[in-house]
Amino acid sequence: MTVTATAIRHDCPAYADARVVAWVERIAALTEPDAVYWCDGSAAERERLIDTMVARGTLLPLNEEKRPNSYLARSRPDDVARVESRTFICSRDEADAGPTNNWADPEEMRATLDGLFHGAMRGRTMYVVPFSMGPVGSPLARVGVQVTDSPYVVVSTGTMTRMGADALRQIAPTTPWVPAVHSVGAPLGPDDADVAWPCSDTKYIVHYPEDREIWSYGSAYGGNAILAKKAFALRIASAIGKDEGWIAAHMLLLKVTNPQGRVFHVAAAFPSACGKTNFAMLKPSIAGWDVETIGDDIAWLAPGANGELRAINPEAGFFGVAPGTGADTNPVAVDMLERDVIFTNVALTDDGDVWWEGLTPDTPSHLTDWQGNDWTPDSPTPAAHPNSRFTVSADQCPTIADTWDDPAGVPIDAIIFGGRRATNVPLVAQARSWEHGVYMGATLASERTAAAEGTVGELRRDPFAMLPFSGTHMADHWQHWLDVGERLAEQGSAPAIFQVNWFRKGDDGSFLWPGFSENARVLEWILDRVAGNVDATDSPVGLLPSEGSIDYEAAGVAPEQWSQLFALHSEPLAAEVADTEGFLAGYGDAVPTEVWGQHRELEARLRR
Ligand code: GTP
Ligand code: SPV
Ligand code: MN
């Protein structure tokens with residue numbers, strides 16, 4: 001039985017904006033759910049939803065003593081990561097999506113989606129999920145409403161955002177808000193039993209940047225389905241930010257206090273599964289430095305009143321990669337995950353706890369793998385899916401900064417770009433200028449990870465770590481960074497920009513740099529540069545640490561390893577610069593002249 005418009009109007013909260021109610025009625029008429037439920041974001045509501053999912057087999061309660069109030073979800077094996085090939089930017093003009101986004105004509109896409117969504121929620125409840133990205137009421141925050149037929153997505157959005165009544169109350173008759181429609185695409189007939197992880201073989205993740213609107217069909221996994229995250233806070237937000245003069249960035253945010261007590265804030269962009277969560281929760285190997293967490297995935301950056309660049313973390317939780325998270329690599333996260341966590345696609349121990357590759361030095365002799373099969377160390381496949389994740393509230397993070405949810409945001413002192421690069425890119429380099437930094441961001445490349453479909457390890461360009469997340473033409477995004485930098489320079493001074501690479505490999509194929517807590521030594525150099533406390537040496541690719549300015553031997557790195565970390569080999573570098581030439585040319589006339597200028601200067605410096 002399909003819900004009626006009268007019932008929707010009867011059930012909606014009294015303070016719900018009429019435009020939201022009318023939209024919910026329209027989507028309900030299209031998708032024909034059995035019921036419509038307005039989420040208030042309360043703890044009781046979360047418990048009820050979790051109970052429903054436990055009953056349905058979507059969530060498995062973990063051992064209450066070992067992992068209190070925590071659950072394991074197992075997705076369908078074909079719904080384990082973002083699907084970039086099914087992600088569309090439907091701008092009115094194809095040129096506005098740029099050459100790196102999948103574009104489709106908005107009218108044609110609306111017709112396709114109308115067909116798919118017709119009756120898509122039959123037999124299910126449609127949840128109305130209002131959320132604020134950023135502290136409720138902050139001038140930097142923005143609101144959205146997602147409707148979804150997945151309780152897993154509701155509960156996840158409840159952790160990842162400020163979800164519920166307070167967010168809905170933010171929407172007054174003239175407040176802009178982002179509507180997001182989501183269905184798992186698995187309607188139920190009257191006699192159909194539900195499955196643990198409903199989804200569809202047909203998937204669409206669609207954005208209309210001018211209309212600020214999102215539609216997603218067929219997947220319940222992560223960024224495909226928790227639309228507040230990548231779809232809103234990056235793709236739609238990059239389109240909004242371009243019009244309003246602020247930047248949506250795939251960046252972690254850190255608060256760092258140096259031994260003299262000076263506080264710095266750092267924003268760092270690394271592609272998916274390249275160490276943002278690790279760096280955001282860095283436990284320094286060096287004395288006297290205090291690192292606190294503000295965000296681990298998304299930052300919204302806006303010029304402030306005094307010419308400073310201010311940042312908020314628009315999210316309220318962490319959707320982090322589980323494999324590789326262990327006491328030796330990320331002890332802060334291990335503590336954070338002790339209770340109140342939803343795990344997705346990790347392995348189950350025989351005593352009802354979770355496990356994944358890298359959690360402990362020893363591998364349990366028997367596990368249930370992420371697909372629910374028996375697993376032993378002899379099994380040919382990993383116990384946890386490489387993109388298995390945890391969903392946890394930010395305030396559970398032991399190193400969360402007390403200013404993490406300051407409505408005014410925090411002032412940024414340094415910006416870092418990084419990726420997984422076995423060759424060519426030094427451990428750290430400082431950009432000569434904002435323009436040079438934008439060039440570093442624009443030409444960023446990284447070896448592919450399991451965070452999206454595709455061949456793991458393959459090198460690809462991932463400008464600003466935003467390749468899968470830009471709602472605009474990527475080269476317009478570069479111009480936007482240049483414009484914001486110019487504005488900052490006029491009123492104050494723009495943050496210094498750096499590039500890092502924790503992943504350079506030696507001839508034997510092993511990492512040259514120990515990484516993790518030792519990354520604090522690089523961060524120390526970066527912030528000493530910002531404070532003017534340390535020298536740098538000029539090189540064709542940027543300013544490098546002068547001899548003696550980083551105590552690498554204390555990190556267990558031998559002098560010959562150290563020189564390999566900074567080696568500039570002319571042949572592979574020349575090949576990379578030639579490749580960059582082709583990469584930039586692919587963006588045609590949209591490439592800012594400053595970016596081409598930086599490219600020519602790099603070429604000239606390498607020729608000298
Ligand atoms: P998304 O959530 O997908 O955007 O990714 P993220 O950038 O937050 O990824 P995350 O921090 O979870 O990256 C995890 C992967 O990076 C794991 O495989 C880690 O072991 C690896 N990693 C993180 N930091 C380091 C490091 O300093 N050195 C090395 N070698 N690996 C690292
Ligand atoms: C990423 O892939 O960069 C993520 C995970 O942060 S997801 O939210 O699924 O996009
Ligand atoms: Mn991410």
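Starting from 1, each residue takes its place in the sequence as its number. Ligands are counted one by one from 1 in listed order, and the atoms in each one are counted from 1 as well.
Nearest to atom 10 (P) of ligand 1 among the protein's heavy atoms is G275 N, 3.5 Å. Counting only heavy atoms of the protein, atom 9 (O) of ligand 1 lies nearest to A273 CA, 3.2 Å. Nearest non-hydrogen protein atom to atom 12 (O) of ligand 1 is V321 CB, 3.3 Å. Of all protein heavy atoms, the one lying nearest to atom 8 (O) of ligand 2 is K229 CE, 3.1 Å. The nearest heavy-atom contact from the protein to atom 4 (O) of ligand 1 is K276 NZ, 2.7 Å. Nearest protein neighbour of atom 31 (N) of ligand 1, counting heavy atoms only, is F503 CE2, 3.2 Å. Protein heavy atom at the shortest distance from atom 10 (O) of ligand 2 is R82 CD, 2.8 Å. Remark: minimum distance from atom 7 (S) of ligand 2 to any protein heavy atom is reached at G223 N, 3.5 Å.
With a 4.0 Å cut-off on non-hydrogen atoms, R420 touches ligand 1 through its side chain and not its backbone. Of all the heavy atoms of W513, none lies under 4.0 Å from any atom of ligand 1, so neither backbone nor side chain is involved. Under 4.0 angstrom from ligand 1, the non-hydrogen atoms of P271 all belong to its backbone. Looking at F516 against ligand 1, both its backbone and its side chain come within 4.0 Å, counting heavy atoms. Residue-level proximity to ligand 1 for T329 is absent, since no heavy atom of it falls below 4.0 angstrom. Within the 4.0 Å heavy-atom criterion, the part of C274 lying near ligand 1 is the backbone and not the side chain. Here D297 has side-chain heavy atoms under 4.0 Å from ligand 1, and that is the only part of it that gets that close.
Atom CZ of R74 sits about 12.0 Å away from atom OG of S388, to the nearest 0.5 Å. Interatomic distance, CZ of F319 versus NZ of K230, reported as 9.5 Å (0.5 Å rounding).
For the pair I526/I416, a side-chain contact is recorded, criterion being any heavy-atom separation below 4.5 Å from C-beta on.
Figure legend: cation-pi geometry between R235 and F469 absent, as NZ or CZ is not positioned both under 6.0 Å from the six-membered ring centre and within 45° of its axis. Relative to the ring axis of F264, K255 does not place its NZ or CZ within 45° and under 6.0 Å from the centre.
Ligand-side atoms of ligand 1 in range of H250: 4 (O), range being under 4.0 angstrom from any heavy atom.
Contact between R389 and ligand 1 is present, with at least one heavy atom of the residue lying under 4.0 Å from the ligand. Within the 4.0 Å heavy-atom shell around ligand 2 one does not find Y221. Residue contact check for ligand 2: H250 places a non-hydrogen atom closer than 4.0 Å to it.
At a cut-off of 2.8 Å, K229 is not counted among the residues with an N, O or S atom near the Mn ion (ligand 3).
When atom types are taken as modelled, the side chain of S70 and the backbone of L62 share no donor-acceptor pair closer than 3.5 angstrom.
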